[in-house]
Amino acid sequence: MATTLPAGIDFDEIQGNILGGFFKDHQMLLFLHFTDADLARLWVRDITPDVATSAEVTAFNDAFKVVGKRGGRRSAPIKATWINVAFTHTGLAALGVAQADLDAFPDDFKEGMAARAALLGDDGASDPANWIAPLGSPSVHAVVILASDEANDLREATNGVTNDLTKYGVDLLYQQSGEARTDQPGHEHFGFDDGVSQPGVLGVTPAQNPADPNQGQPGQDLLQPGEFVIGYERQPQPTPPVPQPGQPGYAPVPTPSPSPSPSAAFADPKPPLTKNGSYLVFRRLRQDVPAFHSFVLEQAAAHGVTNEVMGAKLVGRYASGAPLEPLKDDPIPAVGEPNAGDPAVDHPEILDFSHINNFEYGADQDGGHVPRAAHIRKAYPRDQAIPGEAETQTHRILRRGVAYGKSYDLDAARGAADDDRGLLFLCYQTSIQQQFEFVQSRWVNTPAFPEPDDGHDPIISQKDEEKSITIPLAGQSVHISFIQRWVTTTGGEYFFQPSLSALTALSARSTPPT
Ligand code: HEM
């Protein structure tokens, strides 16, 4: 099948996980340390031909969808194994990048995730002091992401990369595998479908909503590519950029050291190092499945709703992925009544491409359907009045996560509660500070966002203090306090994922690009 890619975006230059998205069931992250700049540059040179581009991955994903329709996802007779590579700031220094270029990167990337723990709320159990070594330490110079449809292919590709490392003076510091759940494919460990909503990208995502030419899938707004790949047009930037003290939506959080304004930094990307590249945020998030489920069960019983509805009020969607918010122009009945089950049981069509994401919050400002602090509404408030849709669209991320660890079987109570399982959260953006960090610190962790007493994102908020969430239920405002965190940060890092020609430039023996 020939895929025609839209003109204007350099798909052959952009690494494949950024715009295509690997979305493979079997993935491996290799965290590397360079001991010798010359040898490390040779390593970059020799791995570059194996690096998958967005052209390849997009073409494969399109073909996979077409072929997959024939007989379900597992029987699709095509498969692929992909490799991508990204560097920390210390890694770029270890490769010998010129000091002036190193200095030109924004402070968020230069400092790395561990140094930004106060901003992110990573304290207590999530404090970088408790992270799995060496994650978050300056010795991590690069990450190789491998992804495959088949476990054996992934193993072979991983061996191919790791067997070679010593001859390039590269140390393998840590390796982390990610695996889609076999009992509930596509679902994260709390049991919710986790592959539903992504930003649409102009020039990448086809406009497929007959009712709205500015959307990809119905409900999926199309954004400028410069939000995700450096060197392209960005969304109109908000003025002022964030709510100020005294303004609605202001949330006091520790102020990070000033970064160059993203628009200034990216308007004239330093060729060829950053053009067609993207920043990658990695977070290793451990999930305490039995504790989360006990909480859902207790709160459902205490407030007279089904477990399905209580879970959906916390996440913002039902476990099947079915929306809790009534759909636009859609005959499927409003959902979320206290005694309701998951609506996808009676209305499986709600999970179709045309329905599953086709909602906004504008008609639900008080959160009667999706509470304002539910995970998906905190992380992407759509057209909610605060902060307003135009600003919201400047804080979007392309999520590329994959689950890790064995499932906890709630019915059979199998699997030790303390087994390590969770999400390898990966996301791409052109400004870590304005996108991932903003979402985590100003929205998710901030109980006064969007309005006072709305509460914390009950799924991923960090900070050890007592947490709470307000859930309007049957006309009553129910305020639930809780002190546990079900999701703990056990490692993380900020990477820069260069274009293919920047990889070639980085590997050159001559002085790297200025
Ligand atoms: C273990 C940790 C996490 C779990 C269990 C989790 C779970 C989910 C689920 C079930 C969905 C709904 C399905 C979908 O739209 O794909 C979702 C959506 C989303 N999550 Fe998370 N997530 C986690 C971490 C994070 C983090 C760290 C962030 C960013 C700071 C984040 C941001 C988002 C966003 C932006 C959406 C899409 C919202 C929308 O477009 O409506 N998530 N997540």
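Every value quoted in this text rests on a predicted model; they were computed, and no experiment measured them. Ligands are counted one by one from 1 in listed order, and the atoms in each one are counted from 1 as well.
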A student checking ligand 1 against Gly195 at a 4.0 Å heavy-atom cut-off should list atoms 16 (O)

Looking at Asp193, which atoms of ligand 1 are within less than 4.0 Å of one of its heavy atoms?
10 (C), 12 (C), 13 (C)

Strictly by modelled atom types, are Ser407 and Asp183 linked by a side-chain donor-acceptor pair under 3.5 Å?
yes

Is it the case that the side chains of His375 and Asp457 hold a donor-acceptor pair, with the cut-off being a distance below 3.5 Å and no angle test?
yes

So how many protein N, O or S atoms does atom 21 (Fe) of ligand 1 have within less than 2.8 Å?
1

What atoms in ligand 1 come closer than 4.0 Å to a heavy atom of Arg382?
39 (C), 40 (O), 41 (O)

Flag the pair Arg382 and Glu360 as a salt bridge only when some basic side-chain nitrogen lies within less than 4.0 angstrom of an acidic carboxylate oxygen.
no

In ligand 1, the atoms that come under 4.0 Å of a heavy atom of Phe192 are 10 (C)

Determine whether the side chains of Tyr408 and Arg421 contain a donor N or O and an acceptor N or O closer than 3.5 Å.
no

Of all residues at least two apart in sequence or in a different chain, which pass the ring-ring contact (aromatic ring centres under 6.0 Å, His included) check with Phe359?
Tyr361

Check: Gln384/Glu389 side-chain N/O donor and acceptor closer than 3.5 Å
no

Please name the residue in the list Phe425, Tyr494, Phe495, Phe31 that meets the ring-ring contact (aromatic ring centres under 6.0 Å, His included) test with Phe282.
Phe31

Does the ring center of Tyr428 lie less than 6.0 Å from the ring center of Tyr279?
no

Without hydrogens or angle criteria, can the side chains of Thr488 and Arg286 be said to hold a donor-acceptor pair below 3.5 Å?
no

As an exercise, identify every atom of ligand 1 less than 4.0 angstrom from a heavy atom of Gln287.
1 (C), 5 (C)

One finds that the ligand 1 atoms under 4.0 Å from a non-hydrogen atom of Leu285 are 2 (C), 27 (C)

Atom 40 (O) of ligand 1: the protein heavy-atom neighbour that sits closest, reported with distance to 0.1 Å:
Ser197 OG, 2.5 Å

For Phe190 and Phe292, I'd like to know if the aromatic rings sit close, meaning centre-to-centre distance below 6.0 Å.
yes

Ligand 1 versus Arg377, non-hydrogen atoms closer than 4.0 Å: side chain, backbone, both, neither?
neither

Please state which part of Asn357 comes within less than 4.0 Å of ligand 1, counting heavy atoms only: side chain, backbone, both or neither.
neither

Atoms of ligand 1 under 4.0 Å from any heavy atom of Phe436, numbered from 1 in the order shown, are 30 (C)

Can you see whether His355 engages Glu349 through a side-chain donor-acceptor pair at a distance of less than 3.5 angstrom?
no

